[in-house]
Amino acid sequence: MKDQTSLHSPYGLFINGAWQHTEDQIDILDKSTSQKAASISVANRQHVHQAVSSAQQALKQAFAPYERYTVLMRAAELIKERRDLFARTLAMEVGKPIRDSYGEVDRATQTLIICAEEAKRIHGEGIPVEAAPGSENRMAFSIRVPVGVIAAITPFNVPLNLVCHKIGPALAGGNSVVLKPSEVTPIVSLLLAEALAEAGLPAGRLNVITGHGPQIGEWLTEDARVQMFSFTGSMRVGQWLRQRAGIRKVALELGNNSANIVHSDCNLDQAVEMVATKGFNNAGQVCISVQRVYVHSDISELFLAKLKERTERFIVGHPLELTTDVGPMISVKEAERVEGWVKEAVEQGATLVTGGERRGPYFTPTILSDVTADMKVCRQEVFGPVVAVEVYSDFDEVIAKVNDSDYGLQAGLFTKDLNLAMKAAREIEVGGLIINDASAYRVDAMPYGGVKNSGTGKEGPAYALEEMTELKLVVINL
Ligand code: NAD
């Protein structure tokens with residue numbers, strides 16, 4: 001059993017099954033101290049060209065569904081064996097508390113296993129063309145074929161599992177991948193590439209190029225050999241990518257300012273627990289993190305008192321401490337931005353119920369009440385440990401408030417009333433409505449993706465595979 005990596009800083013680019021180091025490098029900071037912990041290579045235009053060439057070349061070698069299954073299953077095993085290494089790396093480069101880092105590693109292995117299973121289920125269907133007048137002597141069926149070279153671009157906050165959600169279905173579908181991970185949390189994806197190579201992935205099927213997002217994005221989009229872009233990240237970059245990609249396939253998993261309704265008839269303690277734990281997980285840097293909370297006026301005082309009490313019990317601390325609930329944000333700059341938004345909300349009339357304190361990259365779990373829709377903490381995506389609470393009295397009114405957003409990824413609703421729940425299911429404009437849990441619910445096999453500015457296309461291996469394969473029709477004239 002090999003539980004150690006042979007990779008070390010300075011890390012290289014992974015192109016055509018080999019590591020290449022560059023002179024130009026980017027520092028990777030330990031997010032708990034903001035000090036340099038490692039450095040990575042910076043890809044230039046030539047590296048990007050090589051990566052795409054190797055991905056395209058690899059498509060010419062057969063890679064049967066059973067081989068894809070075997071490689072993905074073996075890679076999942078290797079990640080399990082290196083669980084400690086992956087979790088410690090996540091804690092260092094993301095600042096994610098170690099308990100949550102182990103959780104992400106375990107989910108990533110599950111994601112790869114689901115992708116492996118899906119590789120064996122790819123199929124087309126019989127098409128009854130003989131039902132059309134004049135086609136009585138024909139038969140037809142569809143098959144699913146790879147899209148080709150897929151560029152995957154990923155964000156900083158869940159850098160292992162979200163990468164598995166792109167690489168896993170892409171490889172399961174018989175494609176080749178050029179991965180551009182976040183430049184602030186790239187190391188786990190290099191460890192993942194190493195594990196996939198050891199698991200027997202043919203050279204060129206996965207290439208990892210690290211470096212500056214805007215430059216690499218430009219070079220990837222101008223290369224016509226890239227047939228699809230699968231992007232997870234901010235709305236700003238997603239929109240830019242869609243404009244540049246032209247008629248090629250684009251899947252976008254973007255941001256949200258997740259709304260959660262706490263109705264008067266709900267199980268209050270359950271709602272408090274879910275809102276608190278899912279508002280501050282990963283320091284709020286989760287795309288479906290609880291952000292806007294609408295609580296019914298009959299229970300608002302009690303809810304706020306309980307939420308304050310529960311929130312103040314979270315331990316803010318070093319990511320490697322087992323007792324830590326909330327670690328640092330990704331950078332001091334981001335923590336300063338969130339601090340500014342909270343201060344601005346208070347100046348505009350919001351009440352600071354708890355939190356609001358910053359120490360370097362650490363920002364204490366924060367609850368604001370008396371907020372209004374146009375404050376930044378409501379209108380935009382906070383992507384930090386801040387929950388903004390507003391009181392409502394009418395259910396139609398609260399649905400309108402939830403829908404008054406540019407985003408639509410997931411929402412949460414706490415109620416025991418089935419009729420209200422079904423009304424919300426019909427009327428709330430989101431990709432997923434979570435009833436009696438908060439918006440931040442995801443298991444890896446489920447369809448996941450948003451409407452409005454939260455993106456287009458669905459992830460979850462079976463659904464991503466539909467995006468990452470083409471339906472090809474075969475008609476036989478008998
Ligand atoms: P980001 O958009 O700044 O960066 C994402 C990736 O894009 C990085 O790899 C970055 O280097 C790259 N990039 C930057 N500019 C680029 C360009 N011009 N062309 C191509 N690539 C470019 O996002 P982030 O700060 O890393 O992540 C936070 C965002 O991601 C939030 O908005 C969050 O909601 C979103 N997110 C969404 C989901 C989801 O599933 N919907 C999941 C996680 C995060």
Side-chain angles (χ1 to χ4, degrees), residues 1-31 35-44 47 50-51 54-55 58 63 67-68 70-94 96 98 101-102 104-106 108-109 111-113 115-116 152 154 156 159-164 166-168 171 176-211 319-320:
M1 183 168 106
K2 183 170 179 256
D3 60 3
Q4 284 302 320
T5 176
S6 53
L7 300 184
H8 52 78
S9 178
Y11 292 93
L13 313 170
F14 188 63
I15 300 175
N16 202 22
W19 296 96
Q20 286 191 34
H21 290 79
T22 63
E23 271 184 27
D24 192 8
Q25 296 191 345
I26 297 178
D27 289 348
I28 301 303
L29 307 185
D30 176 332
K31 302 308 180 295
Q35 299 296 311
K36 176 180 172 180
S39 50
I40 56 162
S41 291
V42 176
N44 61 27
H47 294 119
Q50 276 177 22
S54 101
F63 188 33
E67 292 173 72
R68 304 172 203 164
T70 310
V71 167
L72 290 166
M73 289 297 274
R74 178 76 189 119
E77 276 305 312
L78 288 171
I79 295 172
K80 269 191 215 167
E81 288 174 15
R82 297 168 195 177
R83 190 169 177 261
D84 290 338
L85 171 70
F86 274 95
R88 281 199 315 273
T89 307
L90 282 172
M92 185 281 290
E93 68 175 346
V94 186
K96 187 171 285 190
I98 190 73
S101 294
Y102 276 112
E104 182 175 346
V105 178
D106 294 343
T109 60
T111 301
L112 289 183
I113 290 169
C115 292
T154 51
F156 76 80
L160 180 60
N161 195 31
L162 289 185
V163 166
C164 288
K166 300 206 179 297
I167 291 178
L171 295 177
S176 294
V177 183
V178 177
L179 169 68
K180 152 67 186 79
S182 163
E183 53 268 59
V184 290
T185 59
I187 299 175
V188 280
S189 57
L190 301 172
L191 297 176
L192 176 64
E194 181 193 41
L196 279 158
E198 277 181 48
L201 186 69
R205 284 278 167 179
L206 170 65
N207 304 272
V208 187
I209 45 173
T210 52
L320 286 176

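No hydrogens, no waters, no symmetry mates; every other heavy atom, side chains included, goes into these values. Residue numbers start at 1 and run along the sequence shown.
- With hydrogens and angles disregarded, a donor-acceptor distance shorter than 3.5 Å links the side chain of S41 to the backbone of T22.
- The heavy-atom pair separating V184 from I28 by the smallest distance is O-CG2, 4.0 Å.
- In terms of modelled atom types and a separation under 3.5 Å, the side chain of E104 and the main chain of N161 share a donor-acceptor contact.
- Partners of R88 under the side-chain hydrogen bond (donor to acceptor under 3.5 Å, both in side chains) rule, at least two apart in sequence or in another chain, do not exist in this structure.
- A donor-acceptor contact under 3.5 angstrom links the side chains of E194 and S6, judged on distance only.
- Nearest heavy-atom pair across P186 and E93 is N-OE1, 3.2 Å.
- Atoms CG and CD1, from L192 and I79 in turn, are 5.0 Å apart once rounded to the nearest 0.5 Å.
- A salt bridge between K80 and E77 is present, with a side-chain N of the basic residue lying under 4.0 Å from a carboxylate O of the acidic one.
- Under the salt bridge (charged side-chain N to carboxylate O under 4.0 Å, His left out) criterion, K31 pairs with no residue at all, not counting sequence neighbours.
- R205 places a side-chain N or O within 3.5 Å of a backbone atom of A58 that can act as its donor or acceptor partner.
- Applying the ring-ring contact (aromatic ring centres under 6.0 Å, His included) rule to F86 yields no partners; only residues at least two apart in sequence or on another chain are considered.
- Between I98 and P319 there is no side-chain heavy-atom pair separated by less than 4.5 Å.
- Q25 contributes atom CD, which lies 9.5 Å from atom OG1 of T210 (distance to the nearest 0.5 angstrom).
- Atom-to-atom distance recorded for Q20:CD and L13:CG is 6.0 Å, nearest 0.5 angstrom.
- When every heavy atom of L171 is checked against every heavy atom of R68, the shortest pair comes out as O-CD, 3.2 Å.
- For the side-chain hydrogen bond (donor to acceptor under 3.5 Å, both in side chains) test, residues two or more places apart in sequence or in another chain that qualify with D84 are Y102.
- For the residue pair L112 and A75, the shortest heavy atom distance occurs at CD1-CB, 4.3 Å.
- Annotation for N207 and A51: closest pair ND2-O, 3.5 Å, computed over non-hydrogen atoms.
- When all heavy atoms of L179 and L206 are compared, the closest pair comes out as CB-CD1, 4.2 Å.
- The distance from atom OG1 of T89 to atom CG of L160, rounded to the nearest 0.5 Å, is 9.5 Å.
- No donor-acceptor pair under 3.5 Å is formed between the side chain of T109 and the backbone N or O of A76.
- Of the possible polar contacts, one joining the S101 side chain to the K96 backbone as a donor-acceptor pair under 3.5 Å is found.
- L72 has its side chain within reach of L196: a pair of non-hydrogen atoms, C-beta onward, lies under 4.5 Å apart.
- Under the 4.5 Å side-chain criterion, counting only non-hydrogen atoms from C-beta, L85 is in contact with T5.
- Under the 3.5 Å distance criterion, the side-chain polar atoms of H47 are left unmatched by any main-chain donor or acceptor of I209.
- Inter-residue side-chain proximity for M73 and I113 is flagged as met; some heavy-atom pair is nearer than 4.5 Å.
- Sorted by first and then second residue, the pairs that involve residues 179-189 and meet salt bridge (charged side-chain N to carboxylate O under 4.0 Å, His left out), not counting sequence neighbours, are K180-E183.
- Note that CG of L162 and OG of S182 are 11.0 Å apart. Values are rounded to the nearest 0.5 Å.
- No side-chain heavy atom of P159 sits under 4.5 Å from any side-chain heavy atom of T154.
- Applying the ring-ring contact (aromatic ring centres under 6.0 Å, His included) test to Y11 and every residue at least two apart in sequence or in another chain returns nothing.
- Taken to the nearest 0.5 Å, the CG atom of N44 stands 8.0 Å off from the CD atom of Q50.
- Formation of a donor-acceptor pair under 3.5 Å by the S176 side chain with backbone atoms of A55 is found in this model.
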